[in-house]
Amino acid sequence: MKMSRLFILAVLVVACATVVCAGHDKPITVSQLPTKSQQFIKTHFAGKKIALVKKERELIGSTYDVIFTNGDKVEFGRNGDWTEVKCAAGKVPTAIVPKEILQYVRENYSDSHIMQIEQNTLYYEIDLSNRVEIKFNKKFQVVDIDY
């Protein structure tokens with residue numbers, strides 16, 4: 001009985017910490033982004049005007065969002081690597097898309113382009129201009145398609 005109370009207490013502490021940390025977005029300047037994130041923007045979004053840069057405090061570390069005036073958005077993880085790129089009216093820079101994914105799109109959806117890409121430790125997910133969503137595992141095998 002004592003062990004279950006301890007477990008419940010631990011769950012409550014984690015839940016409360018999550019609520020306390022969530023929603024603490026803070027506007028920052030580009031120079032306050034991790035160096036890796038700043039370089040990514042300079043390389044792949046040069047010349048695009050930034051509307052907002054914000055730091056989102058998470059339970060463990062912080063994440064960052066960069067929103068451009070044309071509607072494009074880049075999300076960065078706490079280490080400064082990109083986690084998601086959305087291009088509202090254009091194409092995701094092909095230089096950031098793994099070549100295997102580019103090849104798959106060219107072979108199977110040649111009339112479309114990638115408007116959004118997301119990555120994490122388990123998969124890549126892309127949204128195409130024809131509204132098809134494709135998920136790839138880290139071996140670049142298609143694991144799901146949503147039409």
Side-chain angles (χ1 to χ4, degrees), residues 4-106 109 112-147:
S4 65
R5 286 187 197 158
L6 194 57
F7 176 75
I8 291 171
L9 179 62
V11 169
L12 288 173
V13 167
V14 170
C16 288
T18 301
V19 170
V20 168
C21 288
H24 286 89
D25 296 354
K26 175 184 171 187
I28 61 172
T29 63
V30 173
S31 63
Q32 292 173 301
L33 286 169
T35 304
K36 194 183 286 188
S37 302
Q38 292 178 44
Q39 187 59 45
F40 182 90
I41 291 167
K42 287 177 188 173
T43 302
H44 302 290
F45 291 88
K48 294 201 176 181
K49 188 172 180 180
I50 296 173
L52 173 66
V53 180
K54 65 181 179 176
K55 180 178 183 178
E56 298 179 359
R57 197 169 68 188
E58 304 284 331
L59 187 58
I60 301 174
S62 297
T63 59
Y64 306 88
D65 291 347
V66 178
I67 302 167
F68 298 88
T69 57
N70 69 348
D72 291 355
K73 180 179 178 183
V74 181
E75 296 179 14
F76 297 98
R78 61 181 176 264
N79 63 358
D81 288 330
W82 69 268
T83 57
E84 188 171 0
V85 177
K86 296 179 184 179
C87 293
K91 300 177 182 180
V92 167
T94 56
I96 71 167
V97 181
K99 67 181 187 293
E100 297 88 348
I101 293 176
L102 283 174
Q103 182 178 340
Y104 179 86
V105 171
R106 285 183 189 130
Y109 300 94
S112 297
H113 59 270
I114 301 171
M115 296 183 67
Q116 180 175 336
I117 186 167
E118 179 182 349
Q119 70 170 334
N120 63 34
T121 57
L122 302 175
Y123 63 85
Y124 287 92
E125 188 169 335
I126 61 171
D127 292 357
L128 300 177
S129 56
N130 65 356
R131 300 182 186 219
V132 174
E133 297 175 11
I134 307 169
K135 185 184 276 188
F136 299 84
N137 63 21
K138 285 297 183 166
K139 294 180 181 181
F140 305 109
Q141 299 165 318
V142 174
V143 294
D144 194 21
I145 298 177
D146 190 15
Y147 290 94

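- The aromatic rings of Y104 and Y109 sit tilted, their planes meeting at an angle between 30° and 60°.
- Heavy-atom neighbours of K48 NZ from other residues, nucleotides or ligands within 6.0 Å: above the threshold of 12.
- A donor atom on one side chain and an acceptor atom on the other are not found under 3.5 Å apart for T35 and Q38.
- A salt bridge links D81 with K36: at least one charged nitrogen is closer than 4.0 Å to a carboxylate oxygen.
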Notebook entry, point to check: Step by step, would you call Y124 with I101 a side-chain contact (heavy atoms from CB on, under 4.5 Å)?
Noted result: CA-CA 9 Å; Y124 287 92; I101 293 176; 3.7 Å; yes

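- Summarising the geometry of R78 relative to G61, their closest heavy-atom pair is CD-CA, 4.2 Å, with the distance given to 0.1 Å.
- Between T43 atom OG1 and I96 atom CD1 the span is 11.0 Å, to the nearest 0.5 Å.
- Under the 30°/60° scheme for interplanar angles, the aromatic rings of F40 and F45 are found to be tilted.
- Between the T69 side chain and the I50 main chain, no donor and acceptor come within less than 3.5 Å of each other.
- Side chain of K138 to backbone of N120: a donor-acceptor contact under 3.5 angstrom is found.
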Next item on the list: Could you please spell out the steps behind the side-chain contact (heavy atoms from CB on, under 4.5 Å) verdict for I134 and L128?
Entry: CA-CA 8 Å; I134 307 169; L128 300 177; 3.9 Å; yes

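- The CZ atom of F136 lies 10.0 Å from the CD atom of E100; values are rounded to the nearest 0.5 Å.
- Within a 6.0 Å sphere centred on NZ of K26, other residues, nucleotides and ligands contribute 12 heavy atoms or fewer.
- For K73 and E75, the salt-bridge test passes: some basic side-chain N is under 4.0 Å from an acidic carboxylate O.
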Notebook entry, point to check: Run the side-chain contact (heavy atoms from CB on, under 4.5 Å) check on V53 and D65 step by step: do they pass?
Noted result: CA-CA 6 Å; V53 180; D65 291 347; over 6 Å; no

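- The existence of a salt bridge linking K55 and D25 is excluded, since no basic side-chain nitrogen approaches an acidic carboxylate oxygen closer than 4.0 Å.
- Within the 3.5 Å criterion, the main-chain N or O of Q119 finds no donor-acceptor partner in the side chain of T83.
- To the nearest 0.5 angstrom, W82 atom CH2 is 9.0 Å from E118 atom CD.
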